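Encoded as structure tokens, the structure appears first; notes follow it.
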Amino acid sequence: MSDFLDDAGIIGLTQNPAPLLEQVFSQIAADEMRGLPFYRDHIPLRACGFQLFEQQWVGALLTPWMLSLVVLPGPQQSWPRRVVGERLMLALPCGTISFTLGEIAGCGQYLSRSLMSPLDTTLQAEQALLLAEQSARMVLSLPISDADAPVNPRRRALFSQMTNQHA
């Protein structure tokens, strides 16, 4: 773990963290998770869509037991060391999301937001991969709204009720 620490805190990763996350979580799957009742053998372990956003790595991690958004420090970044379990709110293009600080040997500290844990028992491998890829893409997507929609939808509902009453 010392590879991820310096005097200032957690050192950023210069390379896309997907291969590292897949390696570390594959070991966790083999050592700790396989055999648990919520482990889904048919679901692949995949780090999806990782890209830099404001110099932090952001993506989704799909495992046979969960789907989470993950944030890691990017190149030339240094995070202060924090207490595992601490919650941080991050303003992302899709909106503000609460993340929890985690730490894993071989990966260091990271932020995660559970999207599905445990995984739905009816979820197929292809669906799970698509969901992970779309989640990674959506978290960094700007919200889209209809420019012609009323600012206050309740007000529009009020007008439609009034029109229906007078009809």
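Predicted model only: the values in this text are computed from it and were never measured. Side chains included, hydrogens not; waters and symmetry mates left out as well; all remaining heavy atoms used. Here, residue 1 is the first one in the sequence, and each next residue gets the next number.
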### Message
Which heavy atom of Ala60 sits nearest to which heavy atom of Leu67, and what is that distance?
### Response
CB-CD1, 4.3 Å
### Query
Rounded to the nearest 0.5 Å, how far does CD of Glu126 lie from NE2 of His42?
9.0 Å
### Query
Would you find more than 12 non-hydrogen atoms of other residues, nucleotides or ligands less than 6.0 Å from Gln15 atom CD?
no
### Task
Determine yes or no for a side-chain-to-main-chain donor-acceptor pair under 3.5 angstrom, with Arg113 supplying the side chain and Phe99 the backbone.
no
### Task
Hey, could you give me the CG/SG distance between Leu69 and Cys94, rounded to the nearest 0.5 Å?
7.5 Å
### Query
About how many Å separate CZ of Phe53 and CG of Leu140, when rounded to the nearest 0.5 Å?
6.0 Å
### Task
Rounded to the nearest 0.5 Å, what's the gap from OG on Ser98 to CG on Leu111? Could you check?
9.5 Å
### Message
For a 4.5 angstrom cut-off between non-hydrogen side-chain atoms, does Arg40 reach Thr121?
### Response
yes
### Message
Check this for me: Gln23, atom CD, are more than 12 non-hydrogen atoms of other residues, nucleotides or ligands nearer than 6.0 Å?
### Response
no
### Task
Kindly indicate whether the side chain of Pro73, heavy atoms from C-beta on, has any atom under 4.5 Å from the side chain of Ile11.
no
### Query
Is it true that a side-chain atom of Trp65 and a backbone atom of Met33 form a donor plus acceptor pair closer than 3.5 Å?
no
### Task
State yes or no: do Leu131 and Met138 share one hydrophobic cluster built from I, L, V, M, F, W and Y residues joined by side-chain heavy-atom distances below 4.5 Å, directly or via other members?
no
### Query
Rounded to the nearest 0.5 Å, how far does CG of Leu21 lie from CZ of Phe50?
5.0 Å
### Message
If we ignore hydrogens and angles and just use 3.5 Å, is the side chain of Ser68 paired with the main-chain N or O of Val70 as donor and acceptor?
### Response
no
### Where Ala128 and Ile43 come nearest, the two heavy atoms and their spacing
CB-CD1, 3.8 Å
### Minimum heavy-atom distance Cys48-Ala132, with the two atoms named
SG-CB, 3.7 Å
### Query
Given Val58 and Leu90, is the side-chain contact (heavy atoms from CB on, under 4.5 Å) satisfied, shown in steps?
CA-CA 11 Å; Val58 179; Leu90 297 183; over 6 Å; no
### Query
Backbone N or O of Arg82 within a donor-acceptor pair of the Gln109 side chain at under 3.5 Å?
yes
### Message
Any non-hydrogen side-chain atom of Leu61 less than 4.5 Å from a side-chain atom of Met66?
### Response
yes
### Task
Compute whether any side-chain donor of one residue and acceptor of the other, for Gln56 and Gln77, lie under 3.5 angstrom apart.
yes
### Query
Going only through I, L, V, M, F, W and Y residues with side-chain contacts under 4.5 Å, is there a path from Leu36 to Ile28?
yes
### Close side-chain approach of Leu52 and Trp57, heavy atoms under 4.5 Å
yes
## Note on the structure
Heavy-atom nearest pair, Tyr39 first then Arg34, reads OH-NH1, 3.2 Å
### Query
Are Leu115 and Leu130 grouped together when hydrophobic residues (ILVMFWY) are joined by side-chain heavy atoms under 4.5 angstrom apart?
no
## Note on the structure
Interatomic distance, CZ@Phe25 vs CD@Glu32, rounded to 0.5 Å, equals 10.0 Å
### Query
Can you check side-chain contact (heavy atoms from CB on, under 4.5 Å) on Leu62 and Leu129, steps first, answer last?
CA-CA 7 Å; Leu62 173 66; Leu129 278 171; 4.0 Å; yes
## Note on the structure
Nearest heavy-atom approach of Leu72 to Trp79 is C-CZ2, 3.5 Å
### Query
Is a side-chain N or O of Glu22 found less than 3.5 angstrom from the main chain of Ala47, in a donor-acceptor match?
yes
